[in-house]
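Just so we're clear, the structure is a prediction, and the values are computed from it rather than from any experiment.
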Amino acid sequence: LGFEHAADERVGSIPLGWKQKLAFSVALLHEPGVVFLDEPTSGVDPVTRRQFWEMIYEAASEGTTVLVTTHYMDEAEYCDRVSIMVEGTIDEPHSSTTS
């Protein structure tokens, strides 16, 4: 994660983006089949946001299904499948690639 320089820091004192990456890494320790991420990049800087998506891609490539909620439509484009919730109802899933 590149946090070696902060090894002696308390988690509460590190930046939000680092906390998000650390929490995701901890969630993956037991190699779950599915991980749910609720707005994982909300409030983080663009560089950390991109790094976080690289971590998501890596987890997915290793067999973990990653479900992400987001208000950022550009982030939805990173996903293999997209569902949109309107008034508490999920529409049919849509592929992010066109046929």
Heavy-atom count around Glu54 CD within 6.0 Å, excluding the residue itself: above 12?
yes

Atom CD in Gln51, atom NZ in Lys21: separation rounded to 0.5 Å?
3.5 Å

Indicate, with yes or no, if Tyr72 and Ile84 share a hydrophobic cluster defined by side-chain heavy-atom contacts under 4.5 Å among Ile, Leu, Val, Met, Phe, Trp and Tyr.
no

Tightest non-hydrogen contact, residues Glu39 and Gln20, listed as O-NE2, 3.9 Å

Please give me the minimum heavy-atom distance between Val47 and Asp45, naming the atom from each residue.
N-OD1, 3.1 Å

Start with the C-alpha distance between Arg49 and Glu75, add both sets of side-chain angles, then the distance that settles side-chain contact (heavy atoms from CB on, under 4.5 Å), and finish with yes or no.
CA-CA 10 Å; Arg49 187 174 174 202; Glu75 285 193 346; 2.7 Å; yes

Going by side-chain heavy atoms closer than 4.5 Å, which hydrophobic residues are tied to Leu67, directly or by a chain of links?
Val34, Phe36

Between Leu28 and Ala59 the two heavy atoms that sit nearest each other are CD1-CB, 3.9 Å

Side chain to side chain contact (heavy atoms under 4.5 Å, CB included) partner of Val68, chosen from Ile56, Asp38, Val82, Thr41:
Ile56

Thr64 side chain vs Pro32 backbone, donor-acceptor pair below 3.5 Å
yes

Contact between Phe24 and Pro40 at the side-chain level, heavy atoms closer than 4.5 Å - yes or no?
no

